[in-house]
Amino acid sequence: MIRLYNTLTRKKEELQTLEPGIVKMYVCGPTVYNDAHVGHAMSALVFDIIRRYIEYRGYAVKHVMNYTDVDDKIINRANQTGVDPFVLSQRYIDDFDQNLTDLNIQPATARPRVSKSMPQIIAFVQGLIDKGHAYAASNGDVYFRVLSDDDYGKLSARKLDDMQAGSRIEVEELKEHPMDFALWKSAKPGEPSWDSPWGKGRPGWHIECSAMNLAELGEQIDIHGGGNDLIFPHHENEIAQSESFTGKQFARYWMHNGMLQLSGEKMSKSLGNIVSIKEFLSKREADVMRMLVLNGSYRAPLMFNEETLDGAEKGLERIVTALRPALPAVGHANQGALNALSTQVELTKNGYLSAMDDDFNTAGALGNLFELVRAINTARDAGASGLELQHAQATLRELAQVFGLQLKEKTGSEGADKFINLLIEIRAEVRKQKLWQLSDQIRDRLKELGVTIADSKEGTTWRWE
RNA sequence: GGCGACGUCGCCAAGUGGCAAGGCAAGGGUCUGCAAAACCCUCAUCAUGGGUUCAAAUCCCAUCGUCGCCUCCA
């Protein structure tokens with residue numbers, strides 16, 4: 001039984017789906033006006049890991065991620081660069097898709113965009129007006145009437161009265177209440193706009209997600225996810241819109257990931273302290289970013305710096321090492337060593353599942369994986385054969401794959417193997433004659449070419465590195 | 001100022017009432033001609049001060065500190 005932390009109730013709850021065996025999950029995607037950064041990667045990775053685990057547990061996941069391709073930022077950037085806003089957003093959508101692929105993130109089963117959802121959005125706004133939850137102002141803007149929603153503020157645990165007190169929002173005369181927010185914005189000159197019952201205009205920020213949710217997943221969904229910086233106002237307003245429109249509970253579980261911390265601060269567009277995904281991947285493997293996320297807890301802030309990345313990279317190598325073959329000359333491992341290994345396989349499986357069932361505790365599950373890593377290495381050192389290691393290694397690989405780790409061994413140029421083996425063979429002869437200098441020279445030169453040699457009393461092995 | 005989350009070894013971090021997982025780093029050792037890898041050993045009483053309890057990192061109160069939101073943001 002999977003339990004997950006629900007922001008709405010601030011408690012862990014059992015996952016009970018609306019339809020048996022199916023999880024409807026909507027995760028807020030990016031506004032596409034710039035290169036995506038590693039903070040986006042964290043969020044995408046968190047929900048990718050969650051999705052993979054839910055699927056591993058036997059559910060089918062309907063996963064929707066939207067692209068916000070109509071927005072002030074896009075329009076501004078388009079104007080600055082002289083590129084058509086739709087061309088610009090298309091370019092960044094393509095880039096983002098590529099980023100996700102590079103990070104081994106499973107594509108969402110549906111990826112709607114604002115620009116292609118206009119009829120649904122307009123119908124949604126009209127519906128809210130019809131039900132008295134929204135009103136059109138004289139200038140063509142349409143606002144949501146917060147006072148019409150009696151539990152407004154329940155997700156972010158705020159009260160309307162409190163918000164007004166500390167609010168820095170300039171009260172617009174056209175609004176009935178200062179916290180009323182725009183569902184539809186009347187067009188300004190030079191902006192993309194669409195025809196509507198209230199004149200030419202474009203959607204506000206929050207309505208798109210309500211409308212796309214309804215279109216793709218229906219009136220009610222199981223999980224709604226996103227970064228915790230979206231709790232207010234975005235998700236709060238989504239709830240207000242959707243529940244006012246349908247009269248039903250919108251999402252059963254609200255899940256929010258913590259922020260990536262770069263030198264102690266949130267990485268964000270406005271602070272300008274950004275590392276793009278592209279930039280990251282030019283320096284490190286995709287698995288390193290995933291390991292960093294796995295080693296933390298998805299709801300807490302995640303430290304992103306050279307030190308934590310080095311740690312993630314080393315941990316990754318440790319798992320990869322455990323998957324390597326048995327030693328060349330296999331002795332016979334004693335029964336005790338083999339029993340210890342199979343015991344650990346069971347312990348790890350159980351530990352992994354109970355950690356992950358408990359609100360996707362990846363750090364705890366990872367700890368279990370490392371215990372299996374050690375058991376495998378110990379058995380190998382004791383002389384276990386490939387066959388004897390097989391089950392444990394398969395388990396390790398399976399559980400790592402549920403995490404979405406690829407665990408790629410580096411490979412070199414094709415066809416080089418036989419020449420490398422030849423060199424190793426010659427070197428073995430050289431070593432027999434104790435010509436250490438020559439032997440070391442071969443090792444050093446191969447190292448420079450990306451081949452690492454390891455000698456042991458059972459023989460010599462090599463690998464690309 | 002308001003609301004929320006949090007403070008566990010040098011770093012990342014699990015654990016939320018019953019003797020403090022795991023990874024990285026560090027030190028010592030085994031193996032090795034040397035090296036790499038691996039393995040073994042060592043390495044914390046849980047921000048501070050009170051309180052509840054037979055028993056608290058884990059519950060309550062206070063203080064200090066950090067982060068997020070309140071404005072675009074994963």
Side-chain angles (χ1 to χ4, degrees), chain A residues 7 10 27-31 33 36-47 68 71-73 76 153 156-159 161-170 179 205 225-234 236 256-261 264-271 291-292 294-297 299-319 321-322 324 327 351 355 358 361-371 373-374 376-382 431 434-437 439-440 443-444 447 452-457 461 463 465:
Chain A
T7 306
R10 317 229 168 234
V27 181
C28 288
T31 300
Y33 72 99
H37 56 69
V38 285
H40 294 108
M42 176 193 178
S43 189
L45 282 166
V46 161
F47 288 100
T68 299
D71 173 85
D72 288 342
K73 299 261 181 192
N76 290 341
S156 54
R158 291 157 203 250
K159 294 182 182 117
D161 299 341
D162 294 341
M163 284 188 277
Q164 287 176 72
S167 175
R168 283 182 255 159
I169 298 169
E170 286 175 33
M179 292 309 293
W205 176 32
N228 68 14
D229 55 347
L230 295 179
I231 294 172
F232 190 90
H234 185 54
E236 192 68 72
H256 293 97
N257 64 275
M259 295 291 103
L260 199 68
Q261 301 292 120
E265 272 182 321
K266 178 178 96 159
M267 175 177 324
S268 80
K269 292 169 185 173
S270 54
L271 289 171
M291 268 300 273
L292 189 72
L294 290 167
N295 186 49
S297 131
R299 285 193 277 137
L302 182 66
M303 302 300 161
F304 179 93
N305 55 50
E306 289 304 307
E307 198 176 4
T308 58
L309 287 170
D310 285 344
E313 199 162 76
K314 287 293 187 61
L316 192 61
E317 276 172 30
R318 215 170 135 66
I319 296 175
T321 301
R324 292 197 178 124
L327 297 172
D358 183 13
N361 179 356
T362 53
L366 193 59
N368 282 282
L369 244 46
F370 279 118
E371 280 168 16
V373 164
R374 193 187 311 116
I376 291 171
N377 288 334
T378 301
R380 185 200 286 109
D381 281 358
R431 291 182 74 219
K434 299 192 191 297
L435 298 172
W436 306 125
Q437 209 175 352
S439 153
D440 289 353
R443 185 173 64 198
D444 293 345
K447 178 95 181 172
T452 299
I453 285 181
D455 299 316
S456 75
K457 61 182 170 218
T461 59
R463 63 177 182 273
E465 203 157 75

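Computed from heavy atoms alone, side chains included, the values below leave out hydrogens, waters and symmetry copies. In the text below, chain A, chain B and the rest are named by the order of the sequence lines, each starting its count at 1.
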NA contact type, [X], heavy-atom cut-off 4.0 Å: base, sugar-phosphate, or nothing?
X: A:Asp71; answer: nothing
X: A:Asn228; answer: sugar-phosphate
X: A:Ala157; answer: sugar-phosphate
X: A:Thr378; answer: sugar-phosphate
X: A:Ser439; answer: base
X: A:Leu230; answer: sugar-phosphate
X: A:Ser297; answer: sugar-phosphate
X: A:Glu371; answer: sugar-phosphate
X: A:Gly29; answer: sugar-phosphate
X: A:Lys434; answer: nothing
X: A:Leu302; answer: nothing
X: A:Arg431; answer: base

Counting only distance, no hydrogens or angles, is the base of [N] paired donor-acceptor with the side chain of [X] under 3.5 Å?
X: A:Asn295; N: B:C12; value: yes
X: A:Arg158; N: B:C70; value: no
X: A:Arg299; N: B:C6; value: no
X: A:Asn368; N: B:G22; value: no
X: A:Asp455; N: B:C34; value: yes
X: A:Arg443; N: B:A35; value: yes

In whole Å, what is the span from the [atom1] atom of [X] to the [atom2] atom of [N]?
X: A:Leu327; N: B:C31; atom1: CG; atom2: P; answer: 17 Å
X: A:Leu45; N: B:A74; atom1: CG; atom2: C1'; answer: 11 Å
X: A:Lys73; N: B:C72; atom1: NZ; atom2: C1'; answer: 4 Å
X: A:Leu260; N: B:C12; atom1: CG; atom2: P; answer: 13 Å
X: A:Phe232; N: B:C69; atom1: CZ; atom2: C1'; answer: 9 Å
X: A:Leu366; N: B:A14; atom1: CG; atom2: P; answer: 11 Å

Of the nucleotides [options], which one has an atom closest to the side chain of [X]?
X: A:Glu307; options: B:A74, B:G10, B:C12; answer: B:G10
X: A:Asp229; options: B:C67, B:C69, B:C40; answer: B:C69
X: A:Asn377; options: B:C39, B:A14, B:A74; answer: B:C39
X: A:Asp358; options: B:G15, B:C39, B:A74; answer: B:G15
X: A:Met303; options: B:A74, B:C70, B:C12; answer: B:C12
X: A:Arg10; options: B:G68, B:A5, B:C12; answer: B:A5
X: A:Ala363; options: B:A14, B:C39, B:A74; answer: B:A14

ask   = Would you say A:Trp436 stacks on B:G33, if stacking means ring centres under 5.5 Å apart and planes within less than 30 degrees?
value =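 One would call A:Trp436 stacked on the B:G33 base.
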message = Check this one for me: any side-chain N or O of A:Asn257 less than 4.0 Å away from OP1 or OP2 of B:A74?
response = no
task = Kindly say if A:Arg318 contacts the phosphate of B:A37, meaning a side-chain N or O under 4.0 Å from OP1 or OP2.
result = no
For the [atom1] atom of [X] and the [atom2] atom of [Y], what is their distance to the nearest 0.5 Å?
X: A:Leu366; Y: A:Glu371; atom1: CG; atom2: CD; value: 10.5 Å
X: A:Met291; Y: A:Ile319; atom1: CE; atom2: CD1; value: 4.5 Å
X: A:Ile453; Y: A:Ser439; atom1: CD1; atom2: OG; value: 8.0 Å
X: A:Lys73; Y: A:Thr31; atom1: NZ; atom2: OG1; value: 9.0 Å
X: A:Thr308; Y: A:Met303; atom1: OG1; atom2: CE; value: 9.0 Å
X: A:Asp71; Y: A:Asn76; atom1: CG; atom2: CG; value: 8.5 Å

Taking a pair as Watson-Crick or G-U wobble with both distances under 3.5 Å, which nucleotide is matched to [N]?
N: B:A37; value: none
N: B:C54; value: B:G18
N: B:A62; value: B:U48
N: B:G4; value: B:C67
N: B:C72; value: none

Expressed in whole Å, how much space separates the [atom1] atoms belonging to [N] and [M]?
N: B:U32; M: B:U42; atom1: P; result: 24 Å
N: B:A74; M: B:A21; atom1: C1'; result: 30 Å
N: B:A44; M: B:G23; atom1: P; result: 16 Å
N: B:C69; M: B:G15; atom1: P; result: 25 Å
N: B:U8; M: B:U71; atom1: C1'; result: 35 Å
N: B:A57; M: B:A25; atom1: C1'; result: 24 Å
N: B:G10; M: B:C43; atom1: C1'; result: 11 Å
N: B:C54; M: B:U63; atom1: C1'; result: 29 Å

request  = Using the side chain to side chain contact (heavy atoms under 4.5 Å, CB included) rule, take A:Thr321 and A:Arg324 through it: C-alpha gap first, then chi angles, then the decisive distance, then the call.
outcome  = CA-CA 5 Å; A:Thr321 301; A:Arg324 292 197 178 124; 3.4 Å; yes
query = Closer to the 5' end of RNA chain B via nearest nucleotide, is it A:Gly227 or A:Asp440?
reply =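 Between the two, 5'-proximity favours A:Asp440.
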message = Both A:Lys314 and A:Arg324 contact RNA chain B. Which one's nearest nucleotide lies toward the 5' end?
response =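 Whichever sits nearer the 5' end wins; that is A:Lys314.
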Side chain proximity check, A:Gln261 to A:Leu302, heavy atoms < 4.5 angstrom =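 The answer is no, as the side chains (C-beta and beyond) never meet within the 4.5 Å cut-off.
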key: Any side-chain heavy-atom pair of A:Met259 and A:Met42 under 4.5 Å   =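 Heavy-atom side-chain distance check fails, nothing below 4.5 Å.
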key: A:Arg380/A:Asn377 under side-chain hydrogen bond (donor to acceptor under 3.5 Å, both in side chains): CA gap, chis, key distance, verdict   = CA-CA 5 Å; A:Arg380 185 200 286 109; A:Asn377 288 334; 2.8 Å; yes
